[in-house]
Chemist: 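Sharing a structure with you now.
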Protein chains: 4
Amino acid sequence: MASARELFEQKGFETTTIDDITSRAQVSKGLAYHYFRSKDDILRELIRARLDELDDLIERMRAEKSAVRRLRILVSQLVTELTEGEDRQRFLVTTFLQKQHHKLVTKAMQQSPERFAALQAEELRLLADLGHNEAEKELPLFRATLQGMVMLYLLNPHGFPLHDVGELFVQRYTKGVAQND
Amino acid sequence: MASARELFEQKGFETTTIDDITSRAQVSKGLAYHYFRSKDDILRELIRARLDELDDLIERMRAEKSAVRRLRILVSQLVTELTEGEDRQRFLVTTFLQKQHHKLVTKAMQQSPERFAALQAEELRLLADLGHNEAEKELPLFRATLQGMVMLYLLNPHGFPLHDVGELFVQRYTKGVAQND
Amino acid sequence: MASARELFEQKGFETTTIDDITSRAQVSKGLAYHYFRSKDDILRELIRARLDELDDLIERMRAEKSAVRRLRILVSQLVTELTEGEDRQRFLVTTFLQKQHHKLVTKAMQQSPERFAALQAEELRLLADLGHNEAEKELPLFRATLQGMVMLYLLNPHGFPLHDVGELFVQRYTKGVAQND
Amino acid sequence: MASARELFEQKGFETTTIDDITSRAQVSKGLAYHYFRSKDDILRELIRARLDELDDLIERMRAEKSAVRRLRILVSQLVTELTEGEDRQRFLVTTFLQKQHHKLVTKAMQQSPERFAALQAEELRLLADLGHNEAEKELPLFRATLQGMVMLYLLNPHGFPLHDVGELFVQRYTKGVAQND
DNA sequence: CATGAATGAGGTTTCATTCAT
DNA sequence: GATGAATGAAACCTCATTCAT
């Protein structure tokens, strides 16, 4: 799975062959099919593993009391993931977008829908705690800006001032909130 | 090219075969190679055609005096493109993101770099006219939010209130600006 | 198709590879798939071609007036096919029998069901003309014996006196019938 | 062996995998190779087991005095085997026919050639007792009809009146023979 | 300008068999 | 006896590309 992930990230799913994967992992081609039913199945497992990581983020946000610090957790998670695993994020975004993977992605996401509900709940609570009286209305815009930061960075890493924009984003959403709230 | 575009949008580039394209276009396989050097070449041409469309947007923004209306042009262009050509936008975003297309995309973009400079200039002017004294600093965040709207809509068209968010976005950026400014 | 037929007859369908077929036919593997959708499709076409040959037999029986001579046509057709194309008959019988080919065979047969009706009509007429007042009742036994000759010959060509048994079969069914009827 | 037999009968020998067999039998793949040298070896054993069953038939014919009843034993054995184990018979016939199994079949048959001699002797005695003065000459035709009944039934079970034809066959061969002979 | 037959490298997948445990 | 991870050869099939016509 590690080999597959690295190659998918570097060359894309369709462009990576089973041979690529198994020879990088130093196992036989047959073994791959002993553990995975198909190439698609490998992708499925990778996505599942990725979604599992969300739980950690949710946990950390739940544990933190201060709204401002929760916002910082969210933003710094995003910044870290991007700067440390640019290719990975690129791969994930394109995979989730591509229509031909839609079924596969949907199925993987439905395996634990409560995860997404929990994340959304955390985000709503965050916005409310930051002083928004219409958190539901604000949420999509809030999310859009975060997601857009990801996108613009991925499209042109050197041309997008990720840290600065992140900081600006935090400032904008914490204006008028006591740092220790 | 129309057939290719439709198929790329529906099934993705790698998954679409020359046979798919030519049989949809009701021409022979040989003819495709009479006009295009390779499958990649078809993609190249499609991207070029797409980038040409940017000029129109720039032109319309240049022609409009009111900053608020210019902002509305930008947002409504985005909304229209998304709602009328969801698949197309999805395809474009993924193509631009994917590493294996990077060379191809870069080359297409370098064929007229002034285009992007012009668009950026328009956006800066817009922000300044809307009252931002540090337009350069604001621009990335401004763009991120727009780009993020695109992304969230593409990831889940029915779950993202595109029109509402667009409206909210316009309001936020026009706060304190006279409508006829 | 000729190469495929020969190889299927010699080595069986599953045991014959596309490579076997194309290298015997001295064409590329790709070409086989230009004309046939799959390996199964090749088999389908071969069966169809075989069934077409039935028409010739039916025609010859229709043209002949004498019942005895018609019986001789039927038997000698069987003998000739067996002695001249032992492997071919073996292949056909096993193909028609095998459950995994059932769908394929059924479909091929349904493409012209009138053929089998015509053959059956000819056989009934033959039995009636040979003096059987209950031709319908006799037909299955008549056919069984013919089919059994095929089988026993195929199971052990050198151990089964095909010509003698054929002659005996003709005699038994023409007993009491004037040679010139 | 039971799992193998059932699967071979349903899907054919080549189409059945060792995995199919062992997972149906709920044992490990390794265990299959502990008991059988190869997949072919499993088939070999199955054929041997089948041939052993012939002894029972021979025994029952030897034990019966009345020729007519012996004939009935033979025919009813055939009818029972067909109606109760259609797939099995189909599989056996195709296996014996297929050239690629020839060696294997031949070897299995040579392990007790006396069996076939005994059966043939019984059949000859039967024909003689039924009043045929040239039993040797009649035998192939006699066998052909029986074998043909098997074939026609297997080719189209619902379309072939097995019981009626069996009865007609018995009548024809017992014409003029006292029932208690 | 137009066709489609032809190629062949390379892709995914299957499977009998082996072997360390 | 029993397991199942591991192998690798070989199967079917795909497809971008070429080229004679």
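Chain A is the first sequence line, chain B the second, and so forth, proteins listed ahead of strands; every chain is numbered from 1. Remember, predicted model here, so these are calculated numbers, not experimental data.
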Chemist: Could you check D:Ala32 against A:Ser28 and say which one's nearest nucleotide on DNA chain F is further toward the 5' end?
Modeler: D:Ala32

Chemist: Could you check whether A:Thr15 gets within reach of a base, just the sugar-phosphate, or nothing at all, counting any heavy atom under 4.0 Å?
Modeler: nothing

Chemist: I want to check one thing: is the phosphate of F:dA5, taken as OP1 and OP2, less than 4.0 Å away from some side-chain N or O of A:His34?
Modeler: yes

Chemist: Scan D:Ser23 against the nucleic acid and name what it touches under 4.0 Å (heavy atoms): base, sugar-phosphate only, or nothing.
Modeler: nothing

Chemist: With sugar-phosphate meaning primed atoms plus P, OP1 and OP2, does C:Phe36 contact a base, only sugar-phosphate, or nothing at under 4.0 Å between heavy atoms?
Modeler: nothing

Chemist: Whether D:Lys39 engages the ring of D:Phe13 as a cation-pi pair (distance to the six-membered ring centre under 6.0 angstrom, angle to the ring normal within 45°) should be assessed.
Modeler: yes

Chemist: Given the side-chain rings of D:His102 and D:Phe96, with only the six-membered ring counted for Trp, is the space between their centroids under 6.0 Å?
Modeler: no

Chemist: Could you tell me how far apart C:Glu14 (CD) and F:dA10 (P) are, to the nearest whole angstrom?
Modeler: 19 Å

Chemist: Using a heavy-atom cut-off of 4.0 Å across all strands, would you classify C:Leu31 as base, sugar-phosphate, or nothing?
Modeler: base

Chemist: For C:Tyr35 and for B:Val27, find the nucleotide of DNA chain E with the closest heavy atom, then tell me which residue's nucleotide is more 5'.
Modeler: B:Val27

Chemist: I want to verify a distance call: between E:dT13, E:dA16, F:dC13, whose nearest atom is closest to the A:Ser38 side chain?
Modeler: E:dT13

Chemist: Write down the distance between NZ (C:Lys11) and C1' (F:dA11), rounded to a whole number of angstrom.
Modeler: 12 Å

Chemist: Determine whether more than 12 heavy atoms belonging to other residues, nucleotides or ligands lie under 6.0 Å from atom CD of C:Gln26.
Modeler: no

Chemist: Output the rounded distance in Å from CD (C:Gln26) to C1' (E:dG8).
Modeler: 16 Å

Chemist: Scan A:Lys39 against the nucleic acid and name what it touches under 4.0 Å (heavy atoms): base, sugar-phosphate only, or nothing.
Modeler: sugar-phosphate

Chemist: May I have the distance from A:Asp19 (atom CG) to F:dA10 (atom P), rounded to whole angstrom?
Modeler: 15 Å

Chemist: Taking only the side-chain nitrogens and oxygens of B:Tyr33, find out if one of them lies under 4.0 Å from OP1 or OP2 of F:dT17.
Modeler: yes

Chemist: Salt bridge or not for B:Glu53 and B:Arg88, using N-O below 4.0 Å?
Modeler: yes

Chemist: Between P on F:dC12 and CD1 on A:Ile18, what's the gap in Å once rounded to a whole number?
Modeler: 20 Å

Chemist: Taking a pair as Watson-Crick or G-U wobble with both distances under 3.5 Å, which nucleotide is matched to F:dA20?
Modeler: E:dT3

Chemist: Rounded to the nearest angstrom, tell me the gap between atom NZ in D:Lys29 and atom P in F:dA6.
Modeler: 12 Å

Chemist: Checking all strands, does D:Thr16 fall into the base, sugar-phosphate, or nothing category for heavy-atom contacts under 4.0 angstrom?
Modeler: sugar-phosphate

Chemist: Working to the nearest 0.5 angstrom, can you tell me the gap between D:Asp52 CG and D:Ile47 CD1?
Modeler: 12.0 Å

